[in-house]
Amino acid sequence: MEWKNELMKHFHKKKVGLVLGSGGAKGLSHIGVIKFLEEMDVKINFITGSSIGALIGGAYASGLSIKEIEDIALETDLTTTAKLFSPGFGNSGLVTGSKVSELLRSMLGNINIENLKIPFTAVATDIVTGEEIRFSKGNLVEAIRASISIPVIFKPVIWNNIVLVDGGLVNPVPINVAREMGADYIIAVNILSSKINPNVKSDKKAKNKIESDKHLEIILALQRKLEGLIVDHKWIRNFIKHKEKEDLPGMKKILNHSVQIIQERLVDLSVKLYRPDVLIEPEVGNIGTFDFYKAEEVIELGYTAAETALNKK
């Protein structure tokens with residue numbers, strides 16, 4: 001491919017930094033991006049990520065092949081998802097995260113970040129101060145577990161007396177971290193874009209499976225608990241009752257969109273300030289936070305987006 005030869009000129013003698021953004025199940029598209037980069041013989045020298053980006057990036061940096069990571073993702077059906085996000089007990093999160101930690105340990109073992117095959121940094125957030133916390137050394141599983149701790153959903157991680165939650169709160173696409181690691185050519189993947197893929201067709205087989213699978217009830221129960229927290233205060237319930245006849249979006253939608261707007265603005269600012277050489281934005285706007293059972297579809301969206309973005313170079 002002639003365009004491939006032209007593309008490789010961009011990477012000649014460059015230290016390539018791969019930045020993988022936050023976004024729940026949308027982040028399975030990172031797998032597709034890495035698959036394409038490997039096919040193009042792009043050598044990745046540094047990896048950094050927030051939340052799901054830290055999980056996929058950390059797994060790849062540890063030495064797991066992208067095929068192994070993809071196989072794990074494809075095996076994650078509704079049953080597995082329900083087990084991982086099964087609500088537990090606690091005041092600071094609906095899910096303890098213990099099942100997720102067990103899965104990560106089974107995948108990655110007890111490796112430290114400083115011993116990874118590719119230099120790696122995970123980003124988390126100090127929920128008390130709002131400070132960005134970076135993990136470039138120490139236990140990889142603990143770093144990932146901190147970075148993926150979606151507030152309210154996951155119980156926060158206590159590390160050095162610091163209460164840590166999802167890195168996407170302060171740095172959804174940590175381009176600056178890759179720069180500081182030493183990268184002089186940055187490929188950033190933003191999965192928080194609102195773009196919806198118009199070509200995605202409904203998978204009737206998968207839909208039927210979802211409708212008949214009792215494990216979906218666990219995910220729905222988790223969502224209902226989250227909604228319950230939103231309307232827990234009396235004045236909010238009164239507000240909803242007063243406005244219920246008006247044409248207004250639901251509280252859940254308002255919350256989700258509010259968070260998304262803030263994160264998208266953070267990403268826009270990061271892109272303008274630190275200017276990645278390639279910005280990949282998979283069309284995952286129609287993928288939900290817990291849609292891990294849609295792995296095949298989401299991985300393909302990442303692959304297609306990477307091919308499109310790099311073909312323009």
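Note that the structure is a prediction, hence the values are computed from the model and not measured.
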Hey, does the side chain of [X] reach the backbone of [Y] with a donor-acceptor pair shorter than 3.5 angstrom?
| X | Y | result |
| --- | --- | --- |
| K26 | V284 | yes |
| S106 | L103 | yes |
| H30 | G21 | yes |
| S270 | V267 | no |
| E114 | G138 | yes |
| N139 | E142 | yes |
| S147 | V123 | yes |

Heavy-atom closest contact ([X] atom, [Y] atom, distance):
| X | Y | result |
| --- | --- | --- |
| G23 | I52 | N-CG2, 3.6 Å |
| N45 | K14 | OD1-O, 3.5 Å |
| I113 | A143 | CD1-CB, 3.7 Å |
| N190 | P282 | O-CD, 3.5 Å |
| V157 | S149 | CG2-OG, 3.8 Å |
| L279 | A309 | O-CB, 3.9 Å |

(message) Could you go through V163 and I158, starting from their C-alpha distance and side-chain angles, then the distance that decides it, and tell me whether this counts as side chain to side chain contact (heavy atoms under 4.5 Å, CB included)?
(response) CA-CA 5 Å; V163 183; I158 307 299; 3.7 Å; yes
(message) Assess the residue pair L169 and I127 against the criterion (side chain to side chain contact (heavy atoms under 4.5 Å, CB included)); give the C-alpha distance rounded to whole Å, side-chain angles, the decisive distance to 0.1 Å, and a yes or no.
(response) CA-CA 9 Å; L169 265 66; I127 194 61; 4.2 Å; yes
(message) Any salt bridge linking D268 with K272? Criterion: basic side-chain nitrogen under 4.0 Å from a carboxylate oxygen.
(response) no
I need the [X] [atom1] to [Y] [atom2] distance, nearest 0.5 Å.
| X | Y | atom1 | atom2 | answer |
| --- | --- | --- | --- | --- |
| S29 | E297 | OG | CD | 11.0 Å |
| K117 | I111 | NZ | CD1 | 8.5 Å |
| I133 | T129 | CD1 | OG1 | 6.0 Å |
| R179 | Y274 | CZ | OH | 10.5 Å |
| I150 | T289 | CD1 | OG1 | 6.0 Å |
| S51 | I191 | OG | CD1 | 8.0 Å |

Side chain proximity check, [X] to [Y], heavy atoms < 4.5 angstrom:
| X | Y | value |
| --- | --- | --- |
| F36 | L310 | yes |
| L301 | T304 | no |
| E180 | R134 | yes |
| V271 | P276 | yes |
| K15 | Y185 | no |
| I187 | L37 | yes |
| I175 | I186 | yes |
| I144 | L108 | yes |

(message) Do Y60 and E68 pair up side chain to side chain, a donor and an acceptor below 3.5 Å, judged on atom types alone?
(response) no
If you group Ile, Leu, Val, Met, Phe, Trp and Tyr by side-chain heavy-atom gaps below 4.5 Å, do [X] and [Y] land in one group?
| X | Y | answer |
| --- | --- | --- |
| I118 | I66 | yes |
| I280 | I34 | yes |
| L104 | F120 | yes |
| I44 | V177 | no |
| I56 | M181 | no |

(message) Test side chain to side chain donor-acceptor pair (under 3.5 Å) on R105 and S101; report intermediate values, then the result.
(response) CA-CA 6 Å; R105 289 193 188 96; S101 295; 4.6 Å; no
(request) Test K155 against R145 for side chain to side chain contact (heavy atoms under 4.5 Å, CB included), laying out the working first. (result) CA-CA 10 Å; K155 180 181 178 181; R145 173 65 181 85; 4.2 Å; yes
(request) Check the pair L116, L140 against side chain to side chain contact (heavy atoms under 4.5 Å, CB included), reporting the backbone distance first and the verdict last. (result) CA-CA 9 Å; L116 299 182; L140 177 61; 4.0 Å; yes
(message) A quick test of your reading: do over 12 heavy atoms of other residues, nucleotides or ligands sit less than 6.0 Å from CD of E296?
(response)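 Not buried by this count: 12 neighbours or fewer within 6.0 Å.
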(message) Could you walk me through whether S50 and N171 satisfy the side chain to side chain donor-acceptor pair (under 3.5 Å) test, starting with their C-alpha distance in whole Å, then the side-chain angles of each, then the deciding distance to 0.1 Å, before giving a yes or no?
(response) CA-CA 7 Å; S50 283; N171 204 344; 5.6 Å; no
